[in-house]
*Asks:* 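One structure is given below, represented as structure tokens, and several questions about it will come after.
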Amino acid sequence: MIAIIDYGAGNIFSLKNALDFLELPCELVSDEKSIRSADALILPGVGAFPAAMEMLRSRGLVDVIRDEAAKKPFLGICLGMQLLFDKSYEFGECDGLGLISGEVRKMDAPGLIIPHMGWNKLEKLNDCPLLENIGMEEYVYFVHSYKAHCGDENIAAFCEYGGRVPALVYDGKTVFGAQFHPEKSGETGLKILSSFGGLIW
Amino acid sequence: MLAKRIIPCLDVRDGKVVKGVNFQGVRDVGDPVECAAEYTRQRADEIVFYDITASYEGRGVFLDVVRKTAKKVFVPLTVGGGIKTVDDIRETLRAGADKVSVNSQAVKNPRLIKEGADIFGSQCICVGIDAKKIGENKWTVYINGGRVDMGLDLIDWVHQIEQLGAGEICLNSIDADGTKEGFDIPMLKAVCDNCNIPVIASGGAGKINDFAEVFEKTGATAALAASLFHFRELTVGDVKEYCRNRGVIVR
């Protein structure tokens with residue numbers, strides 16, 4: 001069972017719909033016990049970084065997420081991906097989960113339209129099990145105003161938007177983060193979610 | 001590179017797809033869930049549902065359509081029409097919409113934009129604008145389906161919308177809407193040059209060339225059309241292939 005961590009931040013219904021469509025067993029969970037017993041975890045999220053961290057903290061989920069992310073497939077999506085890093089500068093400095101080293105900063109380039117909203121092409125950089133069935137010309141749907149800054153070794157794929165934007169990050173073990181929304185990225189997104197499900201079944 | 005988006009819009013009343021030509025002569029032509037799925041097969045980049053239901057009961061039927069669509073359509077779904085309060089936004093997002101589009105109500109109560117963006121995030125607040133030319137490089141904003149002139153300067157309103165935290169603008173030209181003579185290039189250019197958020201071009205698409213032209217001549221990041229796609233004069237796939245051959249980046 002894939003546990004979708006429901007902590008009050010984000011459109012979890014789209015994600016649940018996509019996993020249901022793929023017939024991947026999933027549940028919305030918000031307690032420590034369910035997170036510990038799940039086979040895989042997804043951390044969704046939209047909105048602001050500090051508010052999301054506070055919601056995880058107030059529900060007592062920060063430590064259990066850190067523990068379990070090292071033991072089983074873990075996917076952060078959009079803001080949930082940004083939360084994987086050490087810290088963010090959205091509304092001042094705020095610590096993240098620290099599962100992948102790096103920082104999150106506002107996207108910035110002259111004339112750049114913000115948010116980065118729409119379909120952008122995935123450019124593969126490193127091997128990643130979630131990209132095994134993904135070709136060279138595949139687009140996924142993004143909507144965000146901040147982006148991760150991290151080492152190339154953690155970038156499975158990036159896209160170009162006012163410079164390089166980490167699109168899919170991977171710690172080489174169990175932790176994955178998608179800046180885009182696989183649940184809203186048509187066939188390509190469904191393939192990525194299906195590969196994530198394939199890590200356990 | 002970010003691809004330009006092609007967005008079909010479906011007007012929905014009492015759970016059925018309709019399309020008014022110049023807001024008149026509405027006719028009933030299908031199931032919105034099926035239409036949305038068909039558009040996705042044609043590689044539509046997003047789907048817009050516009051609810052023109054007047055009654056309270058109709059609203060429930062409409063949200064049920066959104067719910068059913070969200071279970072089988074895995075591209076972004078935007079819902080507009082009838083959204084007046086933060087609770088309406090919440091209810092619509094909970095039904096499975098990814099974004100809401102607010103129009104008249106945002107003009108009457110601009111705080112709705114800020115409250116919506118603060119609670120749900122800018123990314124899900126699209127502000128729809130109906131505007132009409134009143135002079136050289138000057139347009140005013142209309143509400144209630146293009147019937148009431150608010151005497152509000154378009155560019156002032158665009159600045160205000162951006163300040164309030166909207167994530168996107170859907171700009172409809174009342175002058176171009178229904179003419180099939182192309183998007184309103186001067187108006188779109190003026191708006192794109194005066195804001196830093198994505199702008200969807202709406203109103204006037206009649207030929208395949210209109211889509212390439214709006215992307216070549218303005219900063220619009222998406223183009224929307226309704227009847228053109230609905231009556232199958234063009235498919236989303238046709239438009240994309242044509243744009244690609246003209247050098248416009250599309251998915």
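Note on naming: letters A, B, ... go to the chains in the order of the sequence lines (proteins, then strands), and numbering restarts at 1 for each one.
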*Asks:* If you count heavy-atom pairs under 4.5 Å between each of A:G111, A:S145, A:P115 and chain B, which one has the most?
*Replies:*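 Ranked by contacts with chain B, first place is A:P115.
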
*Asks:* Less than 3.5 Å apart, any donor N or O on the side chain of B:R246 or B:N209 sitting next to an acceptor on the other?
*Replies:*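 On atom types as modelled, these side chains qualify, holding a pair under 3.5 Å.
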
*Asks:* Can you tell which part of B:R43 gets under 4.5 Å to a heavy atom of chain A, answering side chain, backbone, both or neither?
*Replies:*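 Neither; nothing under 4.5 Å.
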
*Asks:* Name the option with the most non-hydrogen atom pairs under 4.5 Å to chain A; the candidates are B:C192, B:G121, B:S122, B:G167.
*Replies:*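 With the most close heavy-atom pairs to chain A, the winner is B:G167.
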
*Asks:* Aromatic rings A:H181 and A:Y141: how do their planes relate, parallel, tilted or perpendicular, breaks at 30° and 60°?
*Replies:*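 The rings of A:H181 and A:Y141 sit tilted, inter-plane angle from 30° to 60°.
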
*Asks:* Under a 4.5 Å cut-off applied to non-hydrogen side-chain atoms, are A:F176 and A:L84 in contact?
*Replies:*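 No, too far: nothing below the 4.5 Å cut-off.
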
*Asks:* ring-ring contact (aromatic ring centres under 6.0 Å, His included) with A:F142: which residues, sequence neighbours excluded?
*Replies:*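 If we apply the ring-ring contact (aromatic ring centres under 6.0 Å, His included) test to A:F142, skipping adjacent residues, the hits are A:H116, A:H144, A:F180.
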
*Asks:* Ion pair present between B:R59 and B:D88, side-chain N to carboxylate O less than 4.0 angstrom?
*Replies:*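 No.
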
*Asks:* Non-hydrogen atoms of chain B under 4.5 Å away: do they reach the side chain of A:L190, the backbone, both or neither?
*Replies:*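 Looking at A:L190, just its side chain touches chain B.
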
*Asks:* Go through the atoms of B:I197 and report whether side chain, backbone, both or neither lie under 4.5 Å from a heavy atom of chain A.
*Replies:*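 Interface part for B:I197: both.
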
*Asks:* Between B:A131 and B:M187, which heavy-atom pair has the shortest distance, and what is it?
*Replies:*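 B:A131 and B:M187 have their closest heavy atoms at CB-SD, 3.9 Å.
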
*Asks:* Less than 4.5 Å to any heavy atom of chain A: does that hold for the side chain of B:A97, its backbone, both, or neither?
*Replies:*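 When you check distances to chain A, only backbone atoms of B:A97 fall under 4.5 Å.
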
*Asks:* For B:D87 and B:T85, which I'm curious about, is there any donor-acceptor pair between the side chains at under 3.5 Å?
*Replies:*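 B:T85 and B:D87 do not have a side-chain donor-acceptor pair below 3.5 Å.
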
*Asks:* Under the 6.0 Å and 45° cation-pi test, does A:R105 pair with A:Y89?
*Replies:*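 Output yes; distance and angle both within limits.
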
*Asks:* For B:D118, is it the side chain, the backbone, both or neither that has a heavy atom under 4.5 Å from a heavy atom of chain A?
*Replies:*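 Neither part; nothing is under 4.5 Å.
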
*Asks:* Spell out the residues in residues 148-161 of chain A that have some non-hydrogen atom less than 4.5 Å away from a non-hydrogen atom of chain B, in order of number; otherwise answer 'none'.
*Replies:*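 Result: A:E160, A:Y161.
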
*Asks:* Heavy-atom cut-off 4.5 Å, strictly under: side chain, backbone, both or neither for B:V199 against chain A?
*Replies:*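 No part of it gets close to chain A.
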
*Asks:* Is it the backbone or the side chain of B:I249 that comes under 4.5 Å from a heavy atom of chain A, or both, or neither?
*Replies:*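 Contact with chain A involves the side chain of B:I249 alone.
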
*Asks:* Walk me through whether B:D98 and A:S14 qualify under side chain to side chain donor-acceptor pair (under 3.5 Å).
*Replies:* CA-CA 8 Å; B:D98 298 287; A:S14 299; 3.3 Å; yes

*Asks:* Around atom CD of B:Q163, are there more than 12 heavy atoms of other residues, nucleotides or ligands at under 6.0 Å?
*Replies:*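 Not more than 12 within 6.0 Å, no.
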
*Asks:* May I ask you to name which of B:P76, B:A3, B:G219 has the most heavy-atom pairs under 4.5 Å with chain A?
*Replies:*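 Counting heavy-atom pairs under 4.5 Å, the top option is B:P76.
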
*Asks:* Could you tell me if B:R5 and B:T221 have a donor-acceptor pair between their side chains, going purely by distance under 3.5 Å?
*Replies:*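 The answer is yes; a qualifying pair exists.
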
